[in-house]
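Below is one structure, written out as structure tokens; the observations come after it.
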Amino acid sequence: MILKIYNTPSRRVEEFTPIEPGVVRMYGCGPTVYTYAHIGNLRAYVCQDILRRALGFFGYSVTYVMNITDVGHLTGDVDTGDDKMVVSAREKKKTVWEIAEHYTDAFFVDVEKLNIARPDTVCKATDHIPEMIALVKRLEDQGFTYVAGGNVYFDISKFPRYGDFAGLKLDDLKAGARIEKDPNKRNPLDFVLWFTSSKFGEQAMMWDSPWGRGYPGWHLECSAMSMKYLGEQFDIHAGGIDHVPVHHTNEIAQSEAATGKKWVNYWFHNEFLVMADGKMSKSSGTFTTLSALEAAGYDPLDYRYFLLGAHYRTQLQFSETALAGAQAGRRGLVERISGILRRAEHAQSVESGSDAGEYFTAFTEHIANDLNTSRCLADLWALVKDEAVPPREALGCIERMDSILGLGLLEQARAADAEDRDVTLSSEVEQLIRERNDARRRRDFARADSIRDELLGRGIQLEDGPEGTRWKKSS
RNA sequence: GGCGCCGUACCCAAGUGGUAAGGGAGAGGUCUGCAAAACCUUUAUGCACCGGUUCGAAUCCGGUCGGCGCCUCCA
């Protein structure tokens, strides 16, 4: 089966074919580390993770590179805004470098909690200034740049394909409609490759360059670093949908102008997570973090499950009730898998019944169809609900499905069992359960209920079933 | 002003021509001393609205209304 993914420039779902057979080189736009990532940002990395896992599932050897934007850029809506990193550092009374490190670490804590497989290479913009300068030099040598007001600009008039990728109609764009025009630009869509004259006063991070002491334009890092680690042509470039008209358009212009070659074959863009009143925004300061979700009693994987319920190219409505629904759903799934685990232990050596094949085939078709994770989840549910499938076979199938979903299903299910077997707690709880069941036999329900209540107060929940009483930690 | 996306049950959401996946919540039931858990059943003759094409439309076309995103750093 061939994996098909939506490719932004063609606006179609296309069969995926890598440049080099069996090998995929993929780059993802990472976070800007001046504050914590919010759950909307995190959606992008979960989507990229699903893509990466799906590629692995289809047998490709994947090299995945992600950048960390640790050079400061504009804070906000107006040209007079300060540098984000500088403002953050001032507020926290730390250096910009400390700020970057702190939020980078925080980002990867979230990444880990969400079961996002860590990229093969994580590269920081500030570690690649020489590569960026070299790229600007290369563009300058070929006449794609001009210097004005101390800054080096990319001249889009020298790159006729500019905007094709995003379907931009250059004449219709109202550049400057929302921000003040930069009087140095020949064309409003020209963009800065290298700043020496900062629009804002204090700029903490500066480097020497052939054009003077300054710092790189934002788009530069992705071109320079992706080409360093993946070559001048590679397979997939991923990022948020907001990047299409500006960031990725500019990256393509400067990369393809420099090399004279097609840069990237497939562009993968995820839609936004939106709140009732619109998207979350880092710069507006009103956003929800993964930690906040945890503080509210959610497992980060509840959020991952929530994301998987929707297609990556549709806006997803976030709300507390929707997340609570995902939490209940994920727990139910883990619960059922625990049950399958128990049945597998007690199963006869010869297993018969229906097989998991049809579910697995459906799952494979759905993931191959532009990563339809919502359908995949439905296939998984159908499998775990079908008791005719021999438990061991079901478990094998669940494991393979979860290699893409990344919900840690088997681990969670086993952990739930392990909790049941927590020895220090266990002997005491088992004793109380025996007492309670004795009381129930004597029809001393007051005593039985008081034991149940006492255990519940200690976070132990009893479940009376046909095979006796089980217990688990309540959550 | 331009570009793009979307509007499916109480909530999240899949489905892009053949008669509405899945999860959550709710309801009823089985079980239970009672609960809880589990399990079973159930919940849109209809997919914002109005026209049109078609044997057939949530799906295609036109229009209306509503929401969101982008054009500014942004996932």
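Naming: A, B, ... by sequence-line order, numbering from 1 per chain.
- Counting any heavy atom pair closer than 4.0 Å across all strands shown, V246(A) reaches sugar-phosphate atoms only and no base atom.
- Using P as the reference atom, G62(B) and C6(B) are 14 Å apart when rounded to the nearest Å.
- Listed by first then second residue, pairs satisfying salt bridge (Lys or Arg N to Asp or Glu O under 4.0 Å) with a partner in residues 313-325 of chain A read R313(A)-D370(A), not counting sequence neighbours.
- Whole-Å rounding puts the L462(A) CG to C34(B) C1' distance at 14 Å.
- For H237(A) and Y266(A), the distance between ring centers is not under 6.0 angstrom.
- Distances were taken from every side-chain heavy atom of E335(A) (C-beta onward) to each of A75(B), A38(B), A36(B); the shortest belongs to A38(B).
- Minimum atom distance to the side chain of D242(A) is reached by C70(B), of the listed C68(B), A21(B), C70(B).
- Remark: of the listed residues F234(A), Y27(A), Y6(A), F165(A), F165(A) is the sole one forming a ring pair (Phe, Tyr, Trp, His ring centres under 6.0 Å) with W267(A).
- Applying the 4.0 Å criterion to OP1 and OP2 of A21(B), one finds that K385(A) has every side-chain N and O outside that range.
- Nucleotides G24(B) and A14(B) are separated by 15 Å at their C1' atoms, to the nearest Å.
- Nucleotide C3(B) holds its P atom 23 Å from the NE2 atom of H243(A), rounded to whole Å.
- Residue R336(A) places at least one side-chain N or O closer than 4.0 Å to OP1 or OP2 of C39(B).
- With a cut-off of 3.5 Å on both Watson-Crick or G-U wobble distances, the partner of G7(B) is given as C65(B).
- One C1' atom belongs to A25(B), the other to C12(B), and the distance between them is 11 Å to the nearest Å.
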Output a table of nitrogen or oxygen pairs between the protein and nucleotides 13-17 of chain B separated by less than 3.5 Å.
{"unit_1": "A13(B)", "atom_1": "OP1", "unit_2": "Q317(A)", "atom_2": "N", "d": "2.9"}
{"unit_1": "A13(B)", "atom_1": "O2'", "unit_2": "G309(A)", "atom_2": "O", "d": "2.9"}
{"unit_1": "A13(B)", "atom_1": "O2'", "unit_2": "S374(A)", "atom_2": "OG", "d": "3.2"}
{"unit_1": "A14(B)", "atom_1": "OP1", "unit_2": "H311(A)", "atom_2": "N", "d": "2.9"}
{"unit_1": "A14(B)", "atom_1": "OP1", "unit_2": "T314(A)", "atom_2": "OG1", "d": "3.1"}
{"unit_1": "A14(B)", "atom_1": "O4'", "unit_2": "S374(A)", "atom_2": "OG", "d": "3.4"}
{"unit_1": "A14(B)", "atom_1": "O3'", "unit_2": "N372(A)", "atom_2": "ND2", "d": "3.4"}
{"unit_1": "A14(B)", "atom_1": "O2'", "unit_2": "R375(A)", "atom_2": "NE", "d": "3.1"}
{"unit_1": "G15(B)", "atom_1": "OP1", "unit_2": "N372(A)", "atom_2": "ND2", "d": "3.2"}

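- For F108(A), there are no ring-ring contact (aromatic ring centres under 6.0 Å, His included) partners two or more places apart in sequence or in a different chain.
- Only the P atoms considered, U42(B) is 22 Å distant from A36(B), to the nearest whole Å.
- Following rounding to the nearest Å, H38(A) (NE2) and C73(B) (P) show an atom-to-atom distance of 16 Å.
- Comparing the P positions of C61(B) and U53(B) gives an interatomic distance of 15 Å, to the nearest angstrom.
- Counting any heavy atom pair closer than 4.0 Å across all strands shown, A378(A) reaches a base atom.
- Counting non-hydrogen atoms of neighbouring residues, nucleotides and ligands closer than 6.0 angstrom, the NZ atom of K124(A) reaches no more than 12 such neighbours.
- Taking the centre of each ring, H269(A) and H243(A) stay at or above the 6.0 Å mark.
- Nucleotide C47(B): unpaired (no Watson-Crick or G-U wobble partner with both distances less than 3.5 Å).
- Across all strands shown, G239(A) has heavy atoms under 4.0 Å from sugar-phosphate atoms exclusively, and none from any base.
- One finds no salt bridge joining D164(A) and R161(A) here, because no Lys/Arg side-chain nitrogen approaches an Asp/Glu carboxylate oxygen to under 4.0 Å.
- Distance CG (L307(A)) to P (G23(B)): 19 Å, rounded to an integer number of Å.
- Between D164(A) atom CG and C3(B) atom P the separation is 16 Å, expressed in whole Å.
- Remark on RNA chain B: of its neighbouring residues T321(A) and H247(A), the 5'-side contact belongs to T321(A), judged by nearest-heavy-atom nucleotide.
- In this structure C60(B) sits in a base pair with G52(B), meeting the Watson-Crick or G-U test at under 3.5 Å.
- When the C1' atom is used for both A44(B) and C10(B), the distance is 12 Å, rounded to whole Å.
- Results of the side-chain contact (heavy atoms from CB on, under 4.5 Å) test with M26(A) over D235(A), V65(A), V264(A), I236(A) single out I236(A) as the only residue that passes.
- For residues 99-115 of chain A, the set of pairs meeting the salt bridge (Lys or Arg N to Asp or Glu O under 4.0 Å) definition, not counting sequence neighbours, comprises K113(A)-E294(A).
- We find that CZ of R304(A) is positioned 19 Å from P of A75(B), with the value rounded to whole Å.
- Among the protein residues, R441(A) comes within range of no part of the nucleic acid, since none of its heavy atoms lies under 4.0 Å from any strand.
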Nucleotide N/O of nucleotides 25-33 of chain B paired with protein N/O under 3.5 Å:
{"unit_1": "G33(B)", "atom_1": "N1", "unit_2": "D449(A)", "atom_2": "OD1", "d": "3.0"}
{"unit_1": "G33(B)", "atom_1": "N2", "unit_2": "D449(A)", "atom_2": "OD2", "d": "2.9"}

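- The salt bridge (charged side-chain N to carboxylate O under 4.0 Å, His left out) search around D49(A) returns R53(A), R304(A), not counting sequence neighbours.
- Checking A166(A) against G240(A), the closest nucleotide of RNA chain B that is more toward the 5' end is the one next to A166(A).
- Atoms CD (E387(A)) and C1' (A38(B)) sit 10 Å apart, rounded to a whole Å.
- W267(A) places its CH2 atom 15 Å from the C1' atom of A75(B), with the value rounded to the nearest Å.
- A20(B) and G46(B) are spaced 12 Å apart, taking the P atom of each and rounding to whole Å.
- Checking C12(B), G69(B), A36(B) against every side-chain atom of F306(A), the shortest atom distance belongs to C12(B).
- For C70(B), the paired nucleotide is G2(B), the pair qualifying as Watson-Crick or G-U wobble because both relevant distances are below 3.5 Å.
- A gap of 36 Å separates the P atoms of A75(B) and G63(B), to the nearest Å.
- For the pair R400(A) and F57(A), the cation-pi test (distance below 6.0 Å, angle within 45°) is failed.
- When both distances must be under 3.5 Å, the Watson-Crick or G-U wobble mate of C39(B) is G29(B).
- In plain terms, the two heavy atoms of C376(A) and I367(A) that are nearest each other are SG-N, 3.6 Å.
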